[in-house]
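Notes to accompany the following structure.
Convention: sequence-line order gives letters A, B, ...; per-chain numbering from 1.
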Amino acid sequence: MACWLLKTESTSFSIDDLRRSPKATTCWDGVRNYQARNFMRQMKRGERVLFYHSGGDLPAVAGTAVVVRAAYPDSTAWDSNSDHPDPRSTPDAPVWDMVDIRLDAVFAEPITLTKLRKVSGLSNMELLRKGSRLSVQPVRDEEFAMMLKLADGQANDRPTARAKSKPTKKKVAAPASRGAKPSARPKKPAGRKSRRV
DNA sequence: GCCAACGTTGGC
DNA sequence: GCCAACGTTGGC
C-alpha cells in the first residue's frame, strides 16, 4: 500500500477544520495540477496520508488521515461559484478528480519542516526537495513510519496505529458546533485570516 | 514582502 | 515544437 502527502494552506483548510468536519471526513477538491491529479488517481481506499500545512506561520506535518474514497470527479470544477472553477471540465468530461479522506490522528506537536530537514532518513522526501510544489505527493513507507516515530517522540495524542491495512475507527474530538460544510481547499487564498494553532 | 522554482499559455 | 512572458506556490 502506498502512502501519500496532501498539502494544504492552514489558513484555508487546516487539520482542525478536518477534525470538525462531519465524521472528520472531507473531500479533497480543488487540485488543479495534472501531476498532482495523477497521483491522486493512484490513491486507494485505506491508504494513509500525511496532512501537511504549508504557508502561514508553521509549515509542518500536522497529522495523518486515511483515504476513504478513491478518486472521483471534482464537481467544483464546473461550479462557477466554487473557489476554483475550470470551464474545461464538465460533468460529461471531467478533467479534475478528488478523493475523500478521514482524519486519523492530530499530532500533539506538528512536525515542522525545519525539523524534517534535520532527519537524515528523510532527505529524499519529495516535500524537502528544493522548489517542490506538488500538493499531492507519494511518500515512501519508511518515510511514513519515520514520521509516526517522530510524532511519538513528541507525545502524540493517541497511540500510533499499528496495522496498515485496516484503518481503525478513530476517536476524534467532539464535533464542533458549526454545521458548515467545509470544502477542502488544498490551495487558494480565500480569506486573509491570520491564525495560530 | 521577496524571490526562486515551477507550470501554463500563447505567439511564432 | 520552442521559448518568453506570466501566474502561482511557498519558504523565508
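- Distance CD (A/E9) to C1' (C/dT9): 8 Å, rounded to an integer number of Å.
- Taking atom CD of residue A/Q35 and atom C1' of nucleotide C/dT9, one finds them 14 Å apart after rounding to whole Å.
- Not one side-chain nitrogen or oxygen of A/Y34 sits closer than 4.0 Å to the OP1 or OP2 atom of B/dC6.
- Residues forming a side chain to side chain donor-acceptor pair (under 3.5 Å) with A/E47 (at least two apart in sequence, or on another chain): A/W4.
- Side-chain contact check for A/F144 versus A/L5: every heavy-atom pair is 4.5 Å or farther apart.
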Derivation and outcome, side chain to side chain donor-acceptor pair (under 3.5 Å), residues A/S54 and A/E9: CA-CA 5 Å; A/S54 69; A/E9 282 184 42; 5.3 Å; no
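- Side-chain contact between A/V31 and A/H84 is absent, with no heavy atoms from C-beta onward closer than 4.5 Å.
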Side-chain donor-acceptor distances from residues 37-44 of chain A under 3.5 Å, at least two apart:
from, atom 1, to, atom 2, distance (Å)
A/R37, NH1, A/V95, O, 2.9
A/N38, ND2, A/Y34, O, 3.3
A/R41, NE, A/D97, OD2, 3.0

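- Per the geometry, CH2 belonging to A/W96 stands 10 Å off C1' belonging to B/dG7, to the nearest Å.
- To the nearest angstrom, P of C/dG11 lies 13 Å from CD of A/E126.
- Comparing the start and finish of the helix from B/dG1-C/dC12 to B/dC12-C/dG1, five pairs each, the helix axis swings through 10°, to the nearest 10 degrees.
- Residues that satisfy the ring pair (Phe, Tyr, Trp, His ring centres under 6.0 Å) test with A/F51, not counting sequence neighbours, are A/W28, A/H53.
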Polar atom pairs between nucleotides 2-5 of chain B and protein, under 3.5 Å, N or O only, would you list them?
from, atom 1, to, atom 2, distance (Å)
B/dA5, N3, A/R133, NH1, 3.3

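- Contact annotation: the side chain of A/V49 never approaches that of A/D104 to less than 4.5 Å [non-hydrogen atoms, C-beta and beyond].
- The hydrophobic cluster analysis finds A/W78 isolated: no Ile, Leu, Val, Met, Phe, Trp or Tyr side chain comes under 4.5 Å of it, directly or through other members.
- The separation between A/N33 atom CG and C/dT8 atom P is 14 Å, rounded to whole Å.
- Distance, A/L58 CG to C/dG11 P: 10 Å, rounded to whole Å.
- A/T8 is not listed as a side-chain neighbour of A/Y52, based on a closest heavy-atom distance of 4.5 Å or more.
- Closest to the side chain of A/S54, out of C/dC12, B/dT8, C/dG10, is C/dG10.
- Regarding A/H53, its NE2 atom lies at a distance of 13 Å from the P atom of C/dG10, rounded to whole Å.
- When rounded to the nearest whole Å, the span between CG of A/N38 and C1' of B/dG7 equals 14 Å.
- Note on A/R117: a side-chain N or O is less than 4.0 Å away from OP1 or OP2 of C/dC12.
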